[in-house]
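Worth saying up front: this structure is predicted, and the values here are computed from it rather than measured.
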Amino acid sequence: MLVLALALLAAYGLITSPTMHWDVVGQYFTSRLVLEGLVRTIYLTAAAMGMGIVLGVILALMRMSGSVTLTVFASSFIWLFRGTPLLVQIIFWYNLASFIPRLTLGVPFGGPELASWDVNSIITPLFAALLALGLNEGAYMSEIVRAGIASVEGGQMEAALVLGMRKGQAMRRIILPQAVRIIIPPTGNQAIGMLKGTSLVSVISTPELLYSVQQIYSQNYLPIPLLVVASIWYLILTTILSINQYYLERHYAKGSLRALPPTPYQRCKAWYARFRSGGLLTTATKGSSSQ
Amino acid sequence: MSACEYLLRVENVHKSYGAAPVLRDVSLSVTLGEVLCIIGPSGSGKSTLLRCVNHLETLDAGRIYLEDELIGYRPDRGRLVELRPAELARQRAEMGMVFQQFNLFLHKTVLENVIEAPMVVLKESRESATRRARELLEQVGLGEKADQYPRQLSGGQQQRVAIARALAMRPKLMLFDEPTSALDPEIVGDVLTVMRDLAEAGTTMLVVTHEMGFARDVADRLIFMADGCIVESGVPAEVLANPRETRTKQFLSRLG
């Protein structure tokens, strides 16, 4: 109780402090620069997660393929990208041009040059950010996907094979859909981590949410209110992600339970219906379920 | 009898896991419409034999033919080479298999389980696959369960769906790997009834089982296996009542 009281007091103090400048928070909350940064954060999160999931599935299948070459390749990839700091990887891709200034496609050993690109023009800050986040995510996602696939009983693959399906078909139609149920919760975690992780790319001046508010407070010298602006947006986005995760989990729980528990919305509706019929005080039964 | 009168021929099959032999020179044949039951103690190799027939397991030596087509391998310059995955899949599609643990696709409804392979492997239309699936589900007594998920069914019901799923591929041969061993005693009968109906309808069946009553009443021939060998075979009633070999006598007396 004492801890709770102290926490409430501290929160009250912070919220009502005149240095908080709630008016500034309100003023910049929907300013153009912040919204542009927000859109870029959402874009980076979605694109890097998409890239990570696709890469993760490919790497997991490579690791489980039984081929030595593919297994070694996938394991090395995971070892490298999971074993070095994400921040280092971001800065590395950003500075790739100083390492390989030109990318040339042509016949090796003095043959004619077919095409050549200036690396600096390909690796824009946004592209470097996407590359770093996506490749790093792929390494983590591959382990999550592998765990998901391994959790599906071996009998499922055999049942598909004896019906005349090929391994690829069985993997796509039978194994992966069942693995998804196991894969979603940790992937939700990763997506939330990714959303916040995109703020790291502010170091290579990619104008995402954090970089945008940094630009503003470097001019008006009000870092706290602007960081609050960014934090509120991050909280709103993580909340939306969590809600999506709940419904996605429910969707893929099909067949894994005899009956699905009601959603919070269904619970509220059932509660309200009982309230209307005046039975709230007398009946305290569980929310209605479909089966 | 000429070779082509046999639907399935297993010739001198050897198989070992590491140093441990599981099948030692096993040969048998099944004619069209015949029901052959295989009994024997656990570890005798009967399940492995069944899994060799549809090439879930590779062979160390010997050959298996379905309608005179070599299963799992093709001859190549005097040696046998394993077939490509597409060919293996085509051969497996001609045989139905029912597992001890049912192995229904848990994320699909009963109906989706039955129409899956006809649609994906045989490229049947959804309408015709669904029509046939409903007939088959009626046939195994589960017409009203079409939209349920496997986990909502009892073990016996799941196994009957698994049988319908295998039949949907119109297999030439049905393989049953201890289909009732994971079931509660009181529902074993439901599954056996379905299998009995299939046998009466002329389905060729190779059944690994511990159900001696079923073997006696339904099988045309009975094989007793022990230690990876076929010890004795013959008319079920005779083998069960008057076994010739000591190993068979021991096994049957232990069943009481």
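For B:Y73, the OH atom counts as densely surrounded, since its 6.0 Å shell holds more than 12 non-hydrogen atoms of other residues, nucleotides or ligands. For B:Y17, the OH atom sits in a packed shell: over 12 heavy atoms of surrounding residues, nucleotides or ligands are nearer than 6.0 Å. Counting heavy-atom neighbours within 6.0 Å of A:Y246 OH, excluding the residue itself, gives a total above 12. Counting heavy atoms of neighbouring residues, nucleotides and ligands inside a 6.0 Å radius, atom CZ of B:R84 does not exceed 12 of them. Atom CZ of B:R126 has 12 or fewer neighbouring heavy atoms from other residues, nucleotides or ligands inside a 6.0 Å radius.
With a threshold of 4.5 angstrom between heavy atoms, B:L104 approaches chain A through N, CA, C or O but not through any side-chain atom. With a 4.5 angstrom heavy-atom cutoff, B:F99 touches chain A only via side-chain atoms. In this structure, chain A has heavy atoms under 4.5 Å from both the backbone and the side chain of B:L106. Residue A:R173 touches chain B through both its backbone and its side chain, counting heavy-atom pairs closer than 4.5 Å. Interface remark: B:A86 contributes backbone and side-chain atoms alike to the contact with chain A (heavy atom separation under 4.5 Å). For B:R165, the parts sitting under 4.5 Å from any heavy atom of chain A are the backbone and the side chain alike. The contact between B:M95 and chain A is made entirely by backbone atoms, counting heavy-atom distances below 4.5 Å.
Checked against side-chain hydrogen bond (donor to acceptor under 3.5 Å, both in side chains), A:Q89 has the following partners two or more places apart in sequence or in another chain: A:T84, A:N136.
You'll find the side chain of B:E116 reaches within 4.5 Å of the side chain of A:I174, heavy atoms only. Looking at heavy atoms from C-beta onward, B:L88 lies out of side-chain contact with A:R166 at the 4.5 angstrom threshold.
Along residues 145-165 of chain A, the residues that come nearer than 4.5 angstrom to chain B, judged on non-hydrogen atoms, are A:E153, A:G155, A:Q156, A:E158, A:A159, A:A160, A:L161, A:V162, A:L163, A:G164, A:M165 in order of number.
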